Amino acid sequence: MRILVVEDEKDLAEALGRGLTRQGYPVDLAFDGESALDMAEINNYDLIVLDLNLPKVDGIEVCRRIRASGSAVGILMLTARSGLDDRVSGLDTGADDYLIKPFHFPELLARVRAILRRDGEQRSSILRAGDMVLDPNAMKLFVGDVEIALTSKEFGILEYLMRCAGRVVSQEELLEHVWNDDANMFTQTIKVHINNIRKKLADAGGPDRISTIKGRGYLVS
Ligand code: CA
């Protein structure tokens, strides 16, 4: 549960850092948008508290770029009361919530906890294998920041393989889990779908992470 606090008013940034640390969260501080982006790229944060008005790169742009990178990290935007339009664009850009300055620390803490709780429920279902990120709820697949359109069957196959990453899955098992009621499917069908998925991944420039294990099935690693 690591939190990044991005705020150019150093006193406020440090006060927030101290407060969150006291609550048991490891905290990093960034004082401008550029270093925030650098740090967010290197570290795997669970939440970013992001001030809107920042030097170098503003909060909206930081938020936009983080989302464009495919990250689903929780983002709590801090904004001045005068920034009503900003608040709206903050949420449009992908912030999870916002808080109007000045605020009391317990208010911030409540929002932080709510986002972390919500993310914990949602994010546990996001599947990753190397560059591939699959969101079962939104039915979306990304390789890096390229979204790949899959048919629902292709999606189902890849989702199942990614859930079983590191283990060989037989064609029979795939048929059983992905096709549910369709009784008369053939393993040849799986092969065709797998080839289509591979082609789409290759077209997007992704490495082939689906291995065929002869006589046994498929393996995503
Ligand atoms: Ca500021």
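Whatever order the structure lists them in is the order used to number ligands and atoms, beginning at 1. Side-chain atoms are counted along with the backbone in the values below, which use heavy atoms only and exclude waters and symmetry mates. Since this is a predicted model, take the numbers as computed values, not measurements. Numbering starts at 1 and runs along the sequence shown.
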Mind listing the closest non-hydrogen atom pair of Ile210 and Ile197 along with its distance? CD1-CG2, 3.9 Å
Quick one: does Asp46's side chain have a donor or acceptor within less than 3.5 Å of a partner on Arg2's backbone? yes
With Arg111 via salt bridge (Lys or Arg N to Asp or Glu O under 4.0 Å) - residues at least two apart: Asp97
Under 3.0 Å from the Ca ion (ligand 1), how many protein N/O/S atoms can be counted? 3
Tyr218 and its side-chain contact (heavy atoms from CB on, under 4.5 Å) partner, picked from Ile157, Ile213, Thr212: Thr212
Sole residue of Thr79, Leu50, Leu52, Leu54 in side-chain contact (heavy atoms from CB on, under 4.5 Å) with Ile60: Leu52
Rounded to the nearest 0.5 Å, what separates atom CG in Asp28 from atom CD1 in Ile3? 10.0 Å
